Amino acid sequence: MSKAIAGFSKLTKEQKIEWIANEYFAAPDEAVTLLKNYWNTNESLQKLHDEFIENTITNFYLPLGVAPNFVINDKKYTIPMAVEESSVVAAAAKAAKFWAKRGGFKATVIDTEKIGQVHFLFNGNPDNLTTFFNSVKLKFFEGSQDLTKNMQARGGGILDIELRNKTTQIENYYQLHATFETKDSMGANFINSCLERFSKILKEEALNHEAFAENEKNIQVIMSILSNYVPNCVVRAEVSCPVEDLIEDASISPKEFTDKFITAVRIAEIEPFRAVTHNKGIMNGIDAVIVATGNDFRAVEAGVHAYASRNSQYSSLSHAKVEDGIFTFWMEVPLALGTVGGLTTLHPLVKFCHEMLGKPSAKELMQIVAVAGLAQNFAALRSLTTTGIQQGHMKMHLMNILNQLGANDVHKKMAVKHFEKNAVSHSAVADYLKHLQTTDPSKIEEDFLQ
Ligand code: MEV
């Protein structure tokens, strides 16, 4: 094993690339050229991207696609999606068009409360701690005025602070459990700054609290950090229509389709192995919009899956029912999002996506993101319960296979046409490409035109 490199972050970008290329690559020059091919020729744009993180060596592309024809609460949207999986955008666009003809999606923000905690150890009488907390509670609000005044001016701020006793699980362990309203910002920096201030106030006030015994004065703060579990920052998305309007072709009756669809959702409600994949399909839509709008997809993922387990078993996020002949499909998801701060004004493409969405507020973005998730789930379940997922999926994956096999543009065009009527698989594409490459072009042209 080679020696650890010292001072790597202090090297220039060129030096870092040089080191990596020589250390790990059989052909260092090729590695350098590859990385540089992804640099933007606009130097200031490249510098902006370089400075997002430490040790940037190049840019890592993801396609930015759009799914048009979404109708949400009677407003039209074209939704931006940054995602690598071939079928995601097409599925969203298909579901959007389908539901636009049936009244569109309805979405409602249920609540927007964010959470943060100061985790600390207190070695003493819990009643004394409660008395102390009640006597100093106001000081947490007063002592963080400098941090909260701008947020308060926007209608947000600290909502409440509670003392929670966790000593049955960990000896001497307590929390300050604080709730926040952060309006259009995701609020991570605001919440973490407030929490660190609370922890300072907590320690100082405890030292000066005369009613505490000596052993009670030394509160040990373990950490102060927001929670990405936001079960009270929730949005609901929904679609509904008469059962007989649910199917456009005659391959399956509306009643049979609805029964199968509802059973598929029911399976995801009770069976964790299915629920994880079902929810993964929802996250295909959610993450793609989260990334495109510069939000934190890791935070959203962690929070959503915790929410899916809130009743002690991992379960479906979405639900479906038929009542009085009306099919309803809905989902409630926790989404802590921002439309100001972070990357929203920094990353030019993120800015573009916000403008394309009409510069939504955080609440409106919660609705858009939840709808993208529900649309994705609807598209997946519709395929799974009718044609199966592979037909559409492999059609979309065809271009990746053709690119992997090095097909030229003419052959790609021919393959797309050929596989409109034939099942796509890696070997079928390879065989067809071989046929194209080894057959007289004039003969192929004839075949192609037939
Ligand atoms: C694939 O990315 C997502 C699906 O597996 C979701 C599902 O099974 O519901 C198709």
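On a predicted model such as this, the values are computed, not experimentally measured, just so you know. Counting starts at 1 for both ligands and their atoms, in listed order.
Counting only heavy atoms of the protein, atom 3 (C) of ligand 1 lies nearest to Asn284 ND2, 3.5 Å. Regarding atom 5 (O) of ligand 1, its nearest protein heavy-atom neighbour is Thr277 CG2, 3.5 Å. The single protein non-hydrogen atom nearest to atom 9 (O) of ligand 1 is Arg274 NH2, 2.8 Å, given as residue, atom name and distance. Regarding atom 1 (C) of ligand 1, its nearest protein heavy-atom neighbour is Glu85 OE2, 3.5 Å. When hydrogens are left out, the protein atom nearest atom 10 (C) of ligand 1 is Ile389 CD1, 3.7 Å; that is the closest non-hydrogen contact.
The shortest heavy-atom contact between Thr339 and Ala362 is OG1-N, 3.3 Å. Contact detail for His49 and Pro348: the closest heavy-atom pair is CE1-CD, 4.2 Å.
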Next item on the list: May I have the step-by-step check of side-chain hydrogen bond (donor to acceptor under 3.5 Å, both in side chains) for His426 and Gln404, ending in yes or no?
Entry: CA-CA 10 Å; His426 197 280; Gln404 258 171 30; 3.3 Å; yes

Item checked: Residue pair Asn422, Tyr432: steps toward the side-chain hydrogen bond (donor to acceptor under 3.5 Å, both in side chains) verdict -> CA-CA 11 Å; Asn422 294 282; Tyr432 183 67; over 6 Å; no

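For ligand 1 and Leu384, the ligand atoms under 4.0 Å from any heavy atom of the residue are 7 (C), 8 (O), 9 (O). Of all atoms in ligand 1, numbered sequentially from 1 with element shown, those under 4.0 Å from a heavy atom of Lys280 are 1 (C), 2 (O).
To the nearest 0.5 Å, atoms CZ (Arg154) and NZ (Lys183) are separated by 9.5 Å. In this structure, the separation between NZ on Lys76 and CZ on Phe70 is 14.5 Å, given to the nearest 0.5 Å.
For ligand 1, the polar-atom distance check finds no N/O of His278 at less than 3.5 Å from any of the ligand's N/O atoms.
Side-chain contact annotation: Gln46 with Asn40, donor-acceptor N/O pair under 3.5 Å absent.
Residue contact annotation: Gln376 has no non-hydrogen atom under 4.0 Å from ligand 1.
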